[in-house]
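Values reported hereafter were calculated over all heavy atoms of this structure, with side chains retained and with hydrogens, waters and symmetry mates removed.
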Amino acid sequence: MFLLQPRFILPVAAAFGFVGLAFYAVSDGSASLDSALVMLFRDPANPSLPIGPAWFREMMRDLTALGSFIGLGIATVIAMLTLRLCGHRTLAFGLVLNILAAVVASTLLKIGIGRERPDIVEHAALTFTASFPSGHAFLAAVVLLSIASFAGIAARRADIARLCLWVAWTLIIAIGVSRIYLGVHWPSDVLGGWCLGVAWSSLATFLIGGLAARTEASLSGVAGGAKSS
């Protein structure tokens, strides 16, 4: 049955997970578990410093930049242009609209929930918005999973789809962990962003991918009719 397939169960579970974490964030903005997990990434002798040498801290700042508006925006433009040049117009424009909608949703959720950033450690990166959900984690999941899924649809090859998803998930996890490491997010912020990103990108892939398939089938039918006449 379709309802028992992982492609359905995972996004639904992720959506429920996000709702639960949102209630958690509203009810207790700095719970002990979140605080303890943040402190795992801090030097016990000097909690103002993240663990590891200076080059590692710089690497984590570089990783977190991949999930910024600039980093994800560049990835989106490259993917959109590639899809468009390969003739997948619906996927290309659907990708852009999907990501713009996710940016708006992220902003509204942050304003609506209004969770404070962690204040138990010094931030190792600048922040300008509320804490839940992590915009880096949410938007990285939406952008990278959508690109991976759309690339798999366009290529029509399972091996390419798997490779794109593995790369996407590696970057998504690295970006999310970097936000906790730098002290700018509670772990539940990142987990909530991941959950919402999985649910969002899954729904977008289902809707936009289905629309693209119908559009291409219609165009193929028109082209086939023209040739036969």
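If you chain together hydrophobic residues whose side chains sit under 4.5 Å apart, V77 and L97 never meet in one group. By the rule that hydrophobic residues join a cluster once side-chain heavy atoms approach within less than 4.5 Å of another member, V190 and V177 end up as members of one cluster. Following chains of ILVMFWY side-chain contacts shorter than 4.5 Å, one can reach I147 starting from V167, so the two form part of one hydrophobic cluster. Hydrophobic clustering places L10 together with L165 (ILVMFWY residues linked when any side-chain heavy atoms are closer than 4.5 Å, directly or through intermediates). No chain of hydrophobic side-chain contacts below 4.5 Å, direct or via other Ile, Leu, Val, Met, Phe, Trp or Tyr residues, connects I99 to I74.
Between V142 and V103, every side-chain heavy-atom pair lies at or beyond the 4.5 Å cut-off. Side-chain contact check for I208 versus L91: some heavy-atom pair is nearer than 4.5 Å. Residues L66 and D62 fail the side-chain proximity criterion, which asks for heavy atoms closer than 4.5 Å. Contact of the L182 side chain with the F41 side chain is not registered, since no non-hydrogen atoms from C-beta on lie closer than 4.5 Å. Side-chain contact between W200 and L145 is absent, with no heavy atoms from C-beta onward closer than 4.5 Å. Using a 4.5 Å cut-off on side-chain heavy atoms (C-beta onward), M60 and P50 make no contact. Within the 4.5 Å cutoff, side-chain heavy atoms of P187 are placed close to those of V38. L63 is not listed as a side-chain neighbour of Y181, based on a closest heavy-atom distance of 4.5 Å or more.
Without hydrogens or angle criteria, N98 side chain to S146 main chain gives no donor-acceptor distance under 3.5 Å. Checked by atom type and distance alone, the side chain of S27 pairs as donor or acceptor with a backbone atom of F23 at under 3.5 Å. Between the side chain of T82 and the backbone N or O of I78 there is at least one donor-acceptor pair closer than 3.5 Å. At least one donor-acceptor pair under 3.5 Å links the side chain of W186 to the backbone N or O of E116.
Taking CG of L37 as the reference point, atom CD1 of I180 lies at 7.5 Å (rounded to 0.5 Å). S202 OG to I9 CD1: the interatomic distance, rounded to the nearest 0.5 Å, is 12.5 Å.
For the residue pair A22 and I113, the shortest heavy atom distance occurs at CB-CD1, 4.3 Å. When all heavy atoms are compared, the tightest approach of A148 to A168 is CB-CB, 4.2 Å. Summarising the geometry of G192 relative to P133, their closest heavy-atom pair is C-CB, 4.3 Å, with the distance given to 0.1 Å. The heavy-atom pair separating A141 from V198 by the smallest distance is CB-N, 4.4 Å.
Ion pairing of D189 with R179 is absent here, as no side-chain N (NZ or NE/NH1/NH2) approaches a carboxylate O to less than 4.0 Å.
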>> Please determine whether side-chain contact (heavy atoms from CB on, under 4.5 Å) holds for the pair R115 and V26, giving the CA-CA distance in whole Å, both sets of side-chain angles, and the decisive distance to 0.1 Å.
In response: CA-CA 7 Å; R115 189 185 198 186; V26 171; over 6 Å; no
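Enclosure of atom CD1 in I70 is not indicated, since only 12 or fewer non-hydrogen atoms of other residues, nucleotides or ligands lie within 6.0 angstrom.
Residue F18 is tested with F138, Y24, W194, F132 for a ring pair (Phe, Tyr, Trp, His ring centres under 6.0 Å); the sole match is F132.
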